[in-house]
Amino acid sequence: MIKAIIFDYGNVLCRVDRSVCNRMLAAHSRLGAEEVGLRVWGGDIERDAETGRIDSREHFQRIKAAIGGEDGWTYERFAEEYMSAIQPRQEGEELLLGARTLGLRCFILSNTSFLHARSIFANEVFCTVPEFHALSFKLGWMKPDPRCWDWILERTGLQAGECLYVDDVAANCAAAEALGFRAVRYEIGEYDLLQAVKRISNER
């Protein structure tokens, strides 16, 4: 029986649009937005920020150097621009509230940096409904590392088979399933996720 649901944050509870951020960062560089995106995302800079190896100010300095950012570009300006990639969704709030109404324990497990994690705690529902937030920059490792899910089980007393995991990345769902979790891959707008959660939580 499902007793808990673990939500990914980006592109499940919120929408992530990196292109918006790329355009804003490119305004401080001679590079185009596409090239900025290639240098900012998916490499060592992003991984080091999302595993807590560097803090947000070093994250800024490394991005500034990588894209040839202008001298007058400040950390404070960058922090606002970097946050532009995260777009809150009312549907995400409704998912958390709906899961709680079903009597499910709720958690957020996310690969995220400190700056992007701020959007969780700026939203009252995202901040207060989950019992806790397992965030990669705090954990020191990222999905699909099995330690992400083990960390939650160790702190909740739950068994993997009692948990439903929701993510938009197939590899993360596969990693959770390999540990015994029930996993659902979800893309925003693909189907009614709350109805799917209701159906699965009622299965015996």
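Because only heavy atoms are used, hydrogens play no part in the values below, and waters and symmetry mates are left out as well, while side chains stay in. Note that the numbering runs from 1 along the sequence shown for the chain. All of these numbers come straight from a predicted model, not from anything done at the bench.
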S.K.: In the structure I gave you, are the side-chain heavy atoms of Asp8 and Val166 within less than 4.5 Å of one another anywhere?
M.R.: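 Asp8 does not reach Val166 side chain to side chain.
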S.K.: Looking at CG of Asn202 and CG of Leu102, how far apart are the two atoms once the value is rounded to the nearest 0.5 Å?
M.R.: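 Reported value, rounded in 0.5 Å steps: 7.5 Å.
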S.K.: Is Glu50 reaching over with its side chain to a backbone N or O of Arg47, donor-acceptor style, under 3.5 angstrom?
M.R.: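 Here the side-chain-to-backbone pair does not exist.
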S.K.: Under the salt bridge (Lys or Arg N to Asp or Glu O under 4.0 Å) rule, what do Asp150 and Arg147 come out as? Steps first, then yes or no, please.
M.R.: CA-CA 5 Å; Asp150 288 339; Arg147 289 178 292 179; over 6 Å; no
S.K.: In this structure, are over 12 heavy atoms from other groups packed under 6.0 Å from Glu34 atom CD?
M.R.: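 At most 12 heavy atoms, drawn from other residues, nucleotides or ligands, come within 6.0 Å of this atom.
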S.K.: Is any side-chain heavy atom of Arg105 closer than 4.5 Å to a side-chain heavy atom of Lys3?
M.R.: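 They are not in contact (no side-chain heavy atoms under 4.5 Å apart), so the answer is no.
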S.K.: Can a salt bridge be assigned to the pair Arg62 and Asp44 using a cut-off of 4.0 Å between side-chain N and carboxylate O?
M.R.: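 So Arg62 does not pair with Asp44 through a salt bridge.
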S.K.: Under 6.0 Å between ring centres, would you say that holds for Tyr165 and Phe181?
M.R.: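 When the ring centroids of Tyr165 and Phe181 are compared, they turn out to be at least 6.0 Å apart.
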S.K.: Do Tyr9 and Leu135 have side chains that get closer than 4.5 Å, going by heavy atoms?
M.R.: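 A side-chain contact under 4.5 Å is absent here.
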S.K.: May I ask you to decide whether Glu35 forms a salt bridge with Arg39, counting only side-chain N to carboxylate O separations under 4.0 Å?
M.R.: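 Here Glu35 pairs with Arg39 in a salt bridge, since their nearest N and O are under 4.0 Å apart.
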S.K.: What do you reckon, are the aromatic ring centroids of His133 and Phe121 less than 6.0 Å apart?
M.R.: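 Yes; Phe121 has its ring centre under 6.0 Å from that of His133.
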S.K.: Taking the side chain as everything from C-beta on, heavy atoms only, tell me whether Ile152 gets closer than 4.5 Å to Ile6.
M.R.: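 Yes; the side chains approach each other to less than 4.5 Å.
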S.K.: Is the centre of the Tyr191 ring less than 6.0 Å from the centre of the Tyr186 ring?
M.R.: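 That pair passes the under 6.0 Å test.
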S.K.: Students often mix this up, so state it plainly: with edges at 30° and 60°, are the rings of His116 and Tyr82 parallel, tilted or perpendicular?
M.R.: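 Ring orientation of His116 relative to Tyr82: parallel.
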S.K.: If you define the side chain from C-beta out and look only at heavy atoms, does anything of Phe7 sit under 4.5 Å from Leu96?
M.R.: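 Yes. Closest side-chain heavy atoms under 4.5 Å.
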S.K.: Which class fits the ring pair Trp73 and His28: parallel under 30°, tilted 30 to 60°, perpendicular over 60°?
M.R.: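 If you compare the ring of Trp73 with that of His28, the planes turn out parallel.
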S.K.: From Leu158 CG over to Cys163 SG, what is the distance, rounded to the nearest 0.5 angstrom?
M.R.: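 If I round to the nearest 0.5 Å, the distance is 4.5 Å.
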S.K.: Taking Gln61 for its side chain and Glu58 for its backbone only, find out whether a donor-acceptor pair lies under 3.5 Å.
M.R.: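 A pair under 3.5 Å: no.
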S.K.: Taking the six-membered ring for Trp, are the ring centroids of Phe132 and Trp151 within less than 6.0 Å of each other?
M.R.: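 Judged by ring-centre distance (under 6.0 Å), Phe132 and Trp151 do meet the cut-off.
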S.K.: Do Gln87 and Val16 come within less than 4.5 Å of each other through their side chains, counting heavy atoms only?
M.R.: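 SC-SC contact between Gln87 and Val16 ruled out.
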S.K.: For salt bridge (Lys or Arg N to Asp or Glu O under 4.0 Å), just list the numbers for Arg18 and Glu46, CA-CA rounded to whole Å, side-chain angles, deciding distance to a tenth of an Å, and then say yes or no.
M.R.: CA-CA 12 Å; Arg18 292 174 171 178; Glu46 184 180 18; 2.7 Å; yes
S.K.: Does any non-hydrogen side-chain atom of Phe126 lie less than 4.5 Å from one of Ser119?
M.R.: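 They are not in side-chain contact.
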S.K.: For Glu93 and Arg89: C-alpha separation, side-chain torsions, deciding distance, then whether salt bridge (Lys or Arg N to Asp or Glu O under 4.0 Å) applies.
M.R.: CA-CA 7 Å; Glu93 296 180 27; Arg89 299 177 62 236; over 6 Å; no
S.K.: Measure the spacing between CG of Leu109 and OG of Ser136 and express it to the nearest 0.5 Å.
M.R.: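 It comes to 8.5 Å.
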S.K.: Counting distance only, does the side-chain N/O of Arg185 pair as donor-acceptor with the main-chain N or O of Asp168 below 3.5 Å?
M.R.: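 Yes; at least one donor-acceptor contact below 3.5 Å.
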